[in-house]
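Below, chains carry the letters A, B, ... as their sequence lines are ordered, and counting in each starts from 1.
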Amino acid sequence: MTEPTPNPAQQQLIENTDGIYVVDAGAGTGKTFAITHRYAEIVDQPAVEPEDVLLVTFTRSAATEMKERIVDHSTYSLRELADGSIQTFHSHCFDILQEHGYRAPTHLGLDERITGSTRVVEDELVENELFREFIDQFRDTHPGYADVFRALSAPLELLDVVSELASKGVFPTTEGWYRDGETALDGDFDAFKSLFDDVNQPRNDGRKQSRLRSKLNRYGRNKTYLPEAPAKAELRGDGTKQVPARVTELVFDEDREGLKAFIHDVYIEYLDFALGRNYLTFGFLQLFAFVLLCEDDVLRERVAYDYVMVDEFQDTSEIQFKLALLLAGTDNICVVGDWKQSIYSFQYADVDNIREFEARLDRFTDDLDEERERIQFEVDEIERIELTENYRSTQTVLDFSEEALVVPATDRDDVDDSVLNDVVSLSSNATFDNTTIEGVHDPDEHEAVLSTIQDVVGNEEYAVEDEDGHQRTPTYGDIAILTRTRDFGRELLTVADEYDFPMAYDGGIELFRTDQAKLLLAWLRILEADADRGWAVVLEQAGYVLDEIDHILNTGDYPANIATFRDELDERAAVGAVARAVFDRYGFSGEYADVILHTIQSVHESSTLTRGDLIRFIERGIENGSTHDVFTSAGVDSVTVQTIHSAKGLEYPIVVLANMNSGKFPPNGGGSSVIQYSEPVGLRQRKQYATVAEHPHVYDNWRHDVVRHCLSRDNDEERRLLYVAITRAESHVLFTGGEDPNTFFEELPCPTREADPTVETVDRTATAQTQLPFSIVQPDGPTGHTPHTLMDSNVFANDGTETEAVEFRGRDFGSRIHDFAEAYALGEDVTPAIDDADDERHVKAFLDSLPGELHVEERAVLPLEVDDERVTISGIVDLVHETPTEIEIIDFKTDRTRRGQPEYRKQLSAYYHVLLECFPDKTVTTSLFYTAEGEREFIEPLSQDRLRDLVRSVSMREQERN
DNA sequence: TTAAATCCCGCCTCC
DNA sequence: CGGGATTTAA
């Protein structure tokens with residue numbers, strides 16, 4: 001986006017820095033732009049420094065982006081902001097605890113301390129593992145709770161309860177509950193009654209029974225209650241269309257002391273366990289920071305900020321709202337968000353934080369001021385600002401997105417149209433509006449998606465606008481496929497592979513179901529128990545056929561080289577070292593292996609992990625299909641596949657919303673915690689047995705079987721999800737539906753059509769050179785480049801003036817700093833204003849320090865012979881620096897915190913070998929230059945053999961997919 | 001014809 | 001475990 005001047009609404013937000021503001025910033029309204037300018041405006045006041053201003057973002061990457069953008073607008077440099085307070089709630093809490101948290105646990109009566117070595121467990125799998133360990137030990141040391149445990153089918157769900165309570169600000173102390181925590185657990189009868197009455201209204205003018213009564217038809221099905229439980233007939237009443245009113249009290253009044261005591265003990269002892277093990281979870285970071293700020297008035301006043309801004313406020317939880325208040329030293333509070341994009345309730349986000357901001361602010365302030373005044377300012381004057389000008393989408397897309405908020409999710413869904421009253425309509429500033437919105441269906445939805453894309457790419461009817469405002473036909477890179485589930489995305493990727501479609505998946509993979517993990521598991525089993533099923537996998541991998549494997553297993557006569565490797569492994573004590581050795585042997589060095597190693601390493605650090613533990617850990621990982629984030633790159637011009645959740649905040653010219661299928665969007669039900677906490681009702685216990693007939697346990701919580709029908713969730717969040725997906729689109733929105741498209745697909749007010757049934761394989765040889773940063777392209781492709789032909793075609797001597805070099809840049813590739821470096825290296829005029837920014841200064845100083853010639857934005861293709869097959873690795877680097885004796889490959893990165901070092905290394909290595917061949921008389925080196933730090937890091941290139949291994953492991957992955 | 005009961009099917013999103 | 005489809009009851 002070019003940097004425009006703020007529009008009036010943005011200007012209002014930027015200029016009004018004092019007082020309480022709630023900003024309704026709809027999708028694409030230049031929210032980041034406005035916030036960063038506002039931040040700059042605040043810190044550019046003489047009396048204000050960055051450390052006086054707290055800017056909370058929701059993700060780390062958002063924080064990084066904010067910082068980068070702020071540098072553009074203010075006199076501060078990235079380094080000066082680095083210590084400032086632009087970060088997530090979690091990292092901010094972490095910082096507070098690091099500095100002042102030593103005694104924080106004592107406020108809950110705990111003796112443990114938070115120290116500089118206390119770690120944060122981020123990996124969910126690791127956290128689960130630790131909790132499991134805790135709960136096993138808890139069970140042993142509390143025989144009194146044996147009955148409760150007997151009824152708990154999945155103890156891990158206790159962790160959910162603890163996390164949810166922590167997110168709502170309900171904490172235990174060694175003596176009882178922190179502050180008024182117990183009130184929340186007991187619930188609010190009046191609130192419950194109103195929910196109960198709502199679902200208990202007779203329908204059709206009294207001719208039809210209430211929803212609740214209807215639901216209770218299932219009461220007791222496949223269950224056996226304790227004798228004192230009421231009979232079904234008693235609950236449902238007779239001769240009336242309603243459940244009798246007295247049932248309200250009947251179900252609410254329950255002696256929950258035992259259950260509360262149980263949860264309390266689990267909760268407080270888990271806190272103690274975590275501290276004892278020297279770790280904190282995300283939730284506990286906030287818990288202890290909150291307690292600390294609540295208890296220590298002097299500290300609170302010291303760490304409080306003059307200005308507080310919270311971005312993505314619709315994603316905040318109750319405790320985060322309160323933390324923001326505690327961290328505000330004045331009433332200069334600004335929250336920015338869009339309730340229509342609140343889709344993280346499963347992460348305890350509470351949409352009412354923004355929708356009912358005023359009421360909640362009052363309530364939370366009163367709450368925090370209960371014992372003594374903690375919030376030292378008035379909260380009665382609240383200003384609302386609405387950003388209504390949209391810089392992303394066409395008006396047609398914007399109008400359509402509102403429809404999503406009221407579209408029925410099921411046939412009988414009675415949608416509350418009144419939400420539209422709360423929608424601040426947006427107006428587009430797009431010059432063109434040739435928007436197409438349509439549904440495409442085909443029995444095979446994967447193919448429907450591919451054929452739709454095929455239809456769109458290069459098609460004038462789906463023209464998109466380029467940066468200069470010109471219309472052009474779309475390319476693959478313009479398209480994002482947004483899905484609700486990761487599974488669908490990965491299935492799609494497999495099908496795309498068959499047609500050689502350029503498609504990149506961005507999200508989680510089932511890490512432990514990969515070949516890498518399976519082989520590691522096999523070796524661990526061999527080491528641990530000489531297990532046949534371990535050997536079978538290893539032997540099969542080594543190329544032995546079934547008969548041979550049988551024979552070897554029977555005789556125990558293992559091939560010498562494998563047996564030797566076994567002995568070598570056996571000598572390694574640490575499981576991490578075993579894993580590394582296994583991956584080295586098989587040449588597994590890709591993203592998957594890296595992430596596996598990293599995960600193992602983090603479990604290892606957090607507990608004393610034996611081989612047996614690791615085996616069980618991987619087995620559980622395989623069972624649960626637990627996922628870890630990876631990014632599979634497929635070149636610059638490729639379609640992106642993402643879940644809607646992960647696409648939030650992004651934008652694409654064309655959005656294909658897939659998998660609106662089988663009548664199941666949304667899917668059924670909500671979570672099914674064994675023990676459920678909910679605001680008005682309090683803590684409830686549910687114990688369920690799938691097959692009571694086989695296991696004649698007694699199900700004693702009949703109350704919950706009534707109550708849960710009063711807590712049914714509506715489909716609003718599903719509609720908001722749809723809204724988020726649509727508003728990602730700049731120009732066109734397409735829906736695909738499979739065999740049995742759901743209600744959303746059918747009810748959305750747009751035309752639908754049949755998909756073109758033929759999908760053609762894509763010829764990607766034409767784009768082979770645009771692979772980034774590392775991948776396999778057509779073997780022996782027609783490009784036929786050798787390093788020498790590249791030399792001949794003058795690629796290395798490219799002075800950057802050829803248009804080819806410029807048009808090659810992808811949408812996100814040319815960041816400010818690259819542009820700067822390029823312009824400077826080419827001796828162009830560089831505007832003086834930019835001299836103030838650290839990054840530019842660093843780059844400039846660096847470039848000045850280099851003697852010899854600079855070549856900007858180079859690319860190369862390295863052909864490799866791998867197993868008699870010729871493959872090509874291609875890479876692009878930002879800069880090549882050449883002197884008579886040396887040639888250096890340099891790539892710019894902003895800082896070291898970014899992920900992807902292994903990828904950079906591959907990319908640089910591919911290039912390294914090309915140059916090595918081209919310039920036999922020169923020394924070739926590879927380095928990364930961190931612009932924010934002004935430092936150059938030399939990178940050891942991978943050997944050609946290592947690259948070959950990489951190619952092999954990637955080929956294996958490809959085969960695995962097919 | 002309408003309401004109530006029962007049968008049938010598939011099970012997410014992630015800091 | 002809920003929603004839609006189907007069957008049964010009135």
Side-chain angles (χ1 to χ4, degrees), chain A residues 56-63 87-91 93-94 120-125 127 160 163 166-167 202-211 213-219 221-223 232 236 241 281-286 312 315-317 319-320 341-349 408-413 482-490 506-508 625-629 642-649 659-673 676 686 688-690 704-705 708-709 711-715 717-718 720-722 724-725 740 742-743:
Chain A
V56 185
T57 63
F58 218 65
T59 62
R60 278 177 216 153
S61 58
Q87 46 187 343
T88 64
F89 273 111
H90 292 111
S91 48
C93 289
F94 183 72
V120 182
V121 172
E122 303 193 8
D123 192 308
E124 198 184 324
L125 211 62
E127 190 187 343
D160 286 346
S163 306
S167 79
R203 292 169 291 178
N204 288 10
D205 299 324
R207 278 175 291 121
K208 191 174 169 181
Q209 68 180 342
S210 74
R211 202 176 180 76
R213 189 173 187 279
S214 161
K215 297 258 189 204
L216 283 176
N217 219 347
R218 264 189 245 255
Y219 176 81
R221 173 87 55 102
N222 292 333
K223 283 169 189 158
K232 180 172 162 182
R236 301 186 70 225
K241 300 287 180 186
T281 64
F282 278 131
F284 291 169
L285 284 176
Q286 296 181 150
E312 305 284 12
D315 292 334
T316 52
S317 62
I319 188 145
Q320 287 169 339
Q341 296 189 67
S342 174
I343 55 174
Y344 281 97
S345 66
F346 62 92
Q347 225 183 110
Y348 312 115
T410 67
D411 285 357
R412 275 155 242 233
D413 196 2
L482 303 185
T483 76
R484 186 180 167 74
T485 65
R486 291 189 289 230
D487 274 350
F488 185 87
R490 275 199 308 282
D506 191 358
S626 51
T627 57
H628 286 76
D629 277 352
Q642 279 176 311
T643 61
I644 300 171
H645 283 90
S646 64
K648 200 170 158 214
N659 200 18
M660 302 185 55
N661 216 9
S662 60
K664 288 181 64 60
F665 190 107
N668 297 331
S672 59
S673 344
Q676 206 173 43
R686 196 176 83 227
Q688 64 167 24
Y689 300 94
H704 186 268
D705 281 359
R708 64 162 207 261
H709 300 302
L711 305 175
S712 67
R713 8 176 272 158
D714 49 38
N715 294 311
E717 186 161 321
E718 313 303 333
R720 294 199 292 264
L721 201 62
L722 197 57
V724 170
D740 184 15
N742 67 31
T743 322

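- Listed nucleotides: B:dT13, C:dG3, B:dC15. Nearest to the side chain of A:Arg211: C:dG3.
- Each of B:dA3, C:dG3, B:dA5 was ranked by its minimum atom distance to the side chain of A:Arg236; first place goes to B:dA5.
- For the pair A:Lys241 and B:dA4, the criterion of a side-chain N or O lying under 4.0 Å from OP1 or OP2 is met.
- Side-chain atoms of A:His645 and A:Val724, non-hydrogen and from C-beta on, never get closer than 4.5 Å to each other.
- A distance of 11.0 Å separates CD in A:Gln347 from OG in A:Ser163, rounded to the nearest 0.5 Å.
- Rounded to whole Å, the distance from CD on A:Gln347 to P on B:dC12 is 17 Å.
- Relative to the side chain of A:Arg218, the nucleotides B:dT13, B:dC12, C:dG2 differ in distance, and C:dG2 lies closest.
- Distance from the side chain of A:His90 is smallest to B:dC15 among B:dT2, B:dA5, B:dC15.
- Atom OH of A:Tyr219 and atom P of C:dC1 are 14 Å apart (whole Å).
- In plain terms, the two heavy atoms of A:Ser342 and A:Arg720 that are nearest each other are O-NE, 2.8 Å.
- Note: A:Phe282 and A:His90 have tilted aromatic rings, judged against thresholds of 30 and 60 degrees for the angle between ring planes.
- Rounded to a whole Å, the CZ atom of A:Arg484 is 12 Å from the C1' atom of B:dC11.
- Residue A:Arg213 is the one, among A:Arg213 and A:Thr643, whose nearest nucleotide of DNA chain B lies closer to the 5' end (criterion: closest heavy atom).
- In terms of phosphate contacts, A:Gln209 brings a side-chain nitrogen or oxygen within less than 4.0 Å of OP1 or OP2 of B:dA5.
- You'll find the side chain of A:Gln320 stays beyond 4.5 Å of the side chain of A:Val56, heavy atoms only.
- Applying the 4.0 Å criterion to OP1 and OP2 of B:dA5, one finds that A:Ser214 has every side-chain N and O outside that range.
- The CZ-C1' distance, from A:Phe488 to B:dG10, rounds to 17 Å in whole Å.
- Following rounding to the nearest Å, A:Lys208 (NZ) and B:dA4 (P) show an atom-to-atom distance of 7 Å.
- Proximity of A:Asn217 to the phosphate of B:dA4: no side-chain N or O atom is located under 4.0 Å from OP1 or OP2.
- For the pair A:Asp315 CG and B:dT13 P, the computed distance is 17 Å after rounding to whole Å.
- Closest to the A:Tyr344 side chain, of the nucleotides C:dG3, B:dC14, B:dA4, is B:dC14.
- Residue A:Lys215 places at least one side-chain N or O closer than 4.0 Å to OP1 or OP2 of C:dG3.
- For the pair A:Asn659 CG and B:dG10 C1', the computed distance is 13 Å after rounding to whole Å.
- Atom OG1 of A:Thr88 sits about 11.0 Å away from atom CZ of A:Phe94, to the nearest 0.5 Å.
- From A:Leu482, atom CG reaches atom CG of A:Leu722 across 11.0 Å, with rounding to the nearest 0.5 Å.
- One interatomic measurement links the two molecules: CZ of A:Arg720 to P of B:dT13, which rounds to 18 Å at whole-angstrom precision.
- A:Ile319 contributes atom CD1, which lies 11.0 Å from atom CG of A:Leu285 (distance to the nearest 0.5 angstrom).
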What nitrogen or oxygen pairs link the protein and nucleotides 7-10 of chain C at under 3.5 Å?
none

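- The phosphate of B:dT2 (OP1 or OP2) has no side-chain N or O of A:Arg207 nearer than 4.0 angstrom.
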